[in-house]
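Step one of this worksheet: look at the structure below.
Here is the naming used below: chain letters follow the sequence lines, and residue numbers restart at 1 for every chain. The structure presented is a predicted model; accordingly, all values stated were derived computationally and were not measured.
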Amino acid sequence: MKELPKAYEPQNYEDQIYRSWEESGYFNPDKLPGKRAKAFSIALPPPNVTGKLHLGHASMLSYQDIMIRYHRLKGDKTLWLPGMDHAAIATQNVVEKELKKQGQTRHDLGREKFLAQVNQFAEDSKVIIRNQLKKMGSSLDWSRERFTLDENLSLAVRTAFTKMYDDGLIYRGERVVNWCTRCQSTLADDEVEYKEEKAPFYYFKYGPVVIGTARPETKFSDKTIIVHPKDKRYKDLVGQEFAVEWINGPVKAQVIADPVAEMELGTGAMTITPAHSFLDFELAQKYRLPLEKIIDQNGNLTQLAGEFAGQNALQARAGIVKKLQQKGLVEKIDEEYVHNLSVCYRCGTPIEPLPSKQWFVAVNKKIPGRGKTLKQLAIEAVKKGGIKIIPDRFNKTYFQWMNNLHDWCVSRQIWYGHRIPVWYNQKIKKTKNQENKAEIYVGLEAPKGEEWKQDEDTLDTWFSSGLWTFSTLGWPASASASAGKPAKTGDLKQFHPTSVLETMYDILFFWVARMIIMSCYFMKEIPFKTVYLHAMVKDKEGRKMSKSLGNGIDPLAMINKFGADALRLSMIIGATPGTDLRLYEEKIAGYRNFVNKLWNISRYILNQKSKTKNKLARRSLGVGGTLADRWILSELDKIIAATTKNIEEFKFSAAGEELYEFTWNKLADWYLEIAKIEENKEEILLAILEKLLILWHPFCPFVTEAIWREMGKKTLLMVQSWPTAKKHKERGVEKDFKLIQEIITAIRNSRSERKVNPKDTLDCSITTANKAVRANLHLIEYLAKVKFGQNISGHKIHLSKADLAIALPLNNNVAAGNEADIANLKNYIKSQEQKLANQQFLSKAPSAVVKAEQEKLLQAKERLGKLK
RNA sequence: GGGCAAUUAGCUCAGCUGGUUAGAGCGCUGCAUUCACAUUGCAGAGGUCGCAGGUUCGAUUCCUGCAUUGCCCACCA
């Protein structure tokens, strides 16, 4: 066997190993070896085709690959389905930004040319992203890769839309929506972000009352004053109508009493602007007030603004206030007012709420034949439908959000995305305020005839990604429509519901909730059984990584520098679900060191094998052997059981941590050292290594596969069998071995304190009746660098747990540290004695606890006696 | 305004259903270097577990309040 390099160089292995995995076909569940009865599936949350991957993706990929590889090793029919999201607004924005640099807009190109350009950009992004997914080691089934704009997924979208429309769950309506004047599109409620801002707050005289507002520019045609019914100040005004001198002359105003007006707020009286405020819109509906548009889709003032018409609303503000001042209608201006400005989550432009005719999904309407609303379906799915959310507390967040859910605006005025499958008949004359049924066609394909023109709008990107778990598996083709639960075939039957949905907590609402709604409605089953929400990756100071801060870490750079395995480990170990993770280079470097340690452990073991190839020990595993052998096998069993349990319970951090501890602190630090003096360990070492590599494989697939190959194995590590714990009872082994470890550590400690050169061998004497110790003196001699045999008087070491005494030829001066130890012990003994003298404790505490405390006291006393 | 989380060693974090002289990694200190690995080994120092009450024989762990930080939701009267 050729000599392995001293250090593991990931760059020399990773790409090649990934290729061999791919070529094996094992990423595809249909090609996995052996009988695999149980299915395990995860749909990859599709990355946006907006460019490249960041650490958030890297983190998600690590978690999912762990689960996928674990289940594949366990013998499940395992599918991890890759794909990407067209991410409508986000992607269109990127391309529009590029155009802007050339001084162009999408309108200069026209719909067709513009879309061609976006599609090209998306295709380019896909190539980059695919490569990055592979760099992370993701064992994705590329033969099943999907894209939200694929033929079948588009069919799924049209089918979904049509069915919802037929069920009366999709309607078109004129409502106040969130409008981004830059994107020129509507936004869903949850696509709006809030930014705290200091802005002047104005108090205006409006007829008999004073009203407060932060947005004078919307107030031109305010005609309705709302006061609280119980407000005595305005009691007499309620129901009255009168003329009021206002911005552009007198207006006729009326006063309505409604409890939404809060008496304590401002002056207690407000005027309403139905077209540009959600709250006011609702009031206007309630009292049947007219909807007058003051601001248009470009953010400019309309004709209703009179002399201000055509001006940008925000810029016109100063002029409007000035005019009111001249008219003596300004009571005061509060410059210190702080409020939340709503902005577009994509581009940061302030949102204009304005009335617009849009398509909505009705979440509070009963579904025909099912007697429940979409909202109720989605709530039930988590409450009693078998969806488990980890961490637990997000259940509450989920319900809170679901309960407050309003109808979902699904139409977007952008070009990139799924065109709304609605056609309008141009020949039928439109009746003014009424929709003529014959005028609209909703269906999978365009109706025949030139008079039919398709809706210009596209669908919210989350409408298509909401279908992700089943559209990617072949729906609607592989599900026959029926009154009951749809009959599934093929992949859909095998892999839906998917096993786990793993993603970051910030898209619980955007995406997870919508998948639940869509799946419960279309598939009549949950989309996934478990939702595992991982944390956000932050920088060392706990700040979000962002381009503007320049504190981002590029996963690819980290992979180049430390290897994909190190990056994966650094994001898994030490992370708690739902609690943000701070990541920095030193951390990744630390796991690079570990990967190298694993490499060298293997290097040592493989070297042993080649040295003694022809005289392998006959001893079979688990029976007989030295104390150290039995100890390490018992520890191995324990770590197999623990790792299995941890992964099954989604405790990935704990799984990694415990494996790390076993590998470094038990196997490398103790057993491998012992292997240097106890002979004939090749067989047992190899057996341990094989199992260890399988256990580590889900976490760090590259290095484990690389070592596996160096072992001369013919089949890939990724399809071996997950080990099971044997549970042989090794009572006493652990205790005995621990005692020997303690003796060794105590001697090393004494040597170190007295600055004995580690090279020097010290004479040493030991008296003990302990059989295990007597049988393993060679370990102590070797690992503590001592030689037994002579009678030594001098420095004595005592251990409380065993009846034994060790003497070293060192001066016996009790160092200062020892005095502190004695003082500590004395304190401890005192507190134990007090506890055990306490009648309450003795009578109320469980007897096992009392016993344990008594034992601790005895041990402490013994130790003290020997220290003195 | 409503809600959720966090607060443990210099730093990043574990610590499950109350009983540990409170743990890990990094960093720090001392010693070692042709021995699988300096991306190393051995040994060590370092914490009154945010504050104040309460429950309990016993609280880092449970409860209440407070403080600080972060996040989510609502809201431009």
Residue [X], side-chain heavy atoms: nucleotide from [options] that is nearest:
X	options	answer
A:Glu657	B:U39, B:U21, B:A14	B:A14
A:Gln840	B:U21, B:C57, B:A77	B:C57
A:Ala214	B:C76, B:G25, B:A77	B:C76
A:Ala845	B:U39, B:A36, B:G19	B:G19
A:Asn600	B:U20, B:A77, B:C37	B:C37
A:Pro353	B:A36, B:U21, B:C76	B:C76
A:Asn838	B:C76, B:A32, B:C57	B:C57

Closer than 4.0 Å, any side-chain N/O of [X] to the OP1 or OP2 of [N]?
X	N	result
A:Asn593	B:U40	yes
A:Lys651	B:C16	no
A:Lys6	B:C37	yes

Who pairs with A:Ile677 by side-chain contact (heavy atoms from CB on, under 4.5 Å), at least two apart in sequence or on another chain?
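A:Ile677 satisfies side-chain contact (heavy atoms from CB on, under 4.5 Å) with A:His778, A:Leu779, A:Tyr782 only.
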Please name all residues satisfying side-chain contact (heavy atoms from CB on, under 4.5 Å) with A:Glu658, sequence neighbours left out, ordered by chain then number.
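For A:Glu658 the side-chain contact (heavy atoms from CB on, under 4.5 Å) partners, ignoring immediate neighbours, are A:Ile639, A:Ala642, A:Asn646, A:Ala654.
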What is the distance, to the nearest angstrom, from the [atom1] atom on [X] to the [atom2] atom on [N]?
X	N	atom1	atom2	result
A:Leu405	B:C72	CG	P	18 Å
A:Asn827	B:U48	CG	C1'	13 Å
A:Gln608	B:C37	CD	C1'	14 Å
A:Leu279	B:C76	CG	C1'	11 Å
A:Tyr660	B:C13	OH	C1'	14 Å
A:Leu685	B:A36	CG	P	13 Å
A:Glu586	B:G27	CD	P	9 Å
A:Glu331	B:A77	CD	P	18 Å

[atom1] spacing across the pair [N] / [M], given as an integer number of angstrom:
N	M	atom1	result
B:A59	B:G18	C1'	6 Å
B:A24	B:G41	P	15 Å
B:A43	B:U12	P	28 Å

Assert yes or no for the condition that the ring centre distance of A:Tyr206 to A:Phe204 is strictly below 6.0 Å.
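No: the rings miss the under 6.0 Å criterion.
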Heavy-atom distance under 4.5 Å between the side chains of A:Ile351 and A:Leu341, does that happen here?
no
Does A:Phe399 reach the side chain of A:Ile379, with side-chain heavy atoms less than 4.5 Å apart?
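Yes - at least one pair of side-chain heavy atoms lies under 4.5 Å apart.
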Any donor-acceptor N or O pair under 3.5 Å, side chains A:Tyr505, A:Asp580:
yes
Please state whether the base of B:A36 and the side chain of A:Glu673 form at least one donor-acceptor pair under 3.5 Å?
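By the distance-only test, yes, there is a pair.
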Under 4.0 Å from any atom of RNA chain B, heavy atoms only: list the residues of residues 563-577 of chain A that qualify, in numerical order.
A:Gly574, A:Thr576
Report yes or no: is the ring centroid of A:Phe841 under 5.5 Å from the six-membered base ring centroid of B:C57, with the two planes under 30 degrees?
no
Heavy-atom nearest nucleotide on RNA chain B for A:Ile601 versus A:Glu853: which residue maps closer to 5'?
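This one resolves to A:Glu853.
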More 5' along RNA chain B: A:Arg603 or A:Phe594, using each one's nearest nucleotide?
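Here A:Arg603 is the residue nearer the 5' end.
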Can you see whether A:Tyr604 has A:Lys676 sitting over its ring - NZ or CZ less than 6.0 Å from the centre and within 45° of the normal?
yes
Evaluate the salt bridge (charged side-chain N to carboxylate O under 4.0 Å, His left out) criterion for residues A:Glu853 and A:Lys856: first the C-alpha distance (whole Å), next the side-chain angles of each, then the deciding distance (0.1 Å), finally the verdict.
CA-CA 5 Å; A:Glu853 297 300 315; A:Lys856 282 186 213 161; 2.9 Å; yes
Just the table, please: protein N/O against nucleotides 1-11 of chain B N/O, every pair under 3.5 Å.
unit_1 : atom_1 : unit_2   : atom_2 : d
B:C4   : OP1    : A:Lys396 : NZ     : 2.8

Could you tell me whether A:Val260 contacts a base, only the sugar-phosphate backbone, or nothing, with contacts defined as non-hydrogen atoms closer than 4.0 Å?
base
Detail all sub-3.5 Å separations between protein N/O atoms and N/O atoms belonging to nucleotides 41-43 of chain B.
unit_1 : atom_1 : unit_2   : atom_2 : d
B:G41  : OP1    : A:Lys597 : NZ     : 3.1
B:G41  : OP1    : A:Trp664 : NE1    : 2.4
B:C42  : O3'    : A:Arg748 : NH1    : 3.3
B:A43  : O2'    : A:Ser752 : OG     : 3.3

Taking a pair to mean Watson-Crick or G-U wobble geometry with both distances below 3.5 Å, B:U48 pairs with none
Residues at least two apart in sequence or cross-chain that pass side chain to side chain donor-acceptor pair (under 3.5 Å) with A:Arg393, listed by chain then number, are none
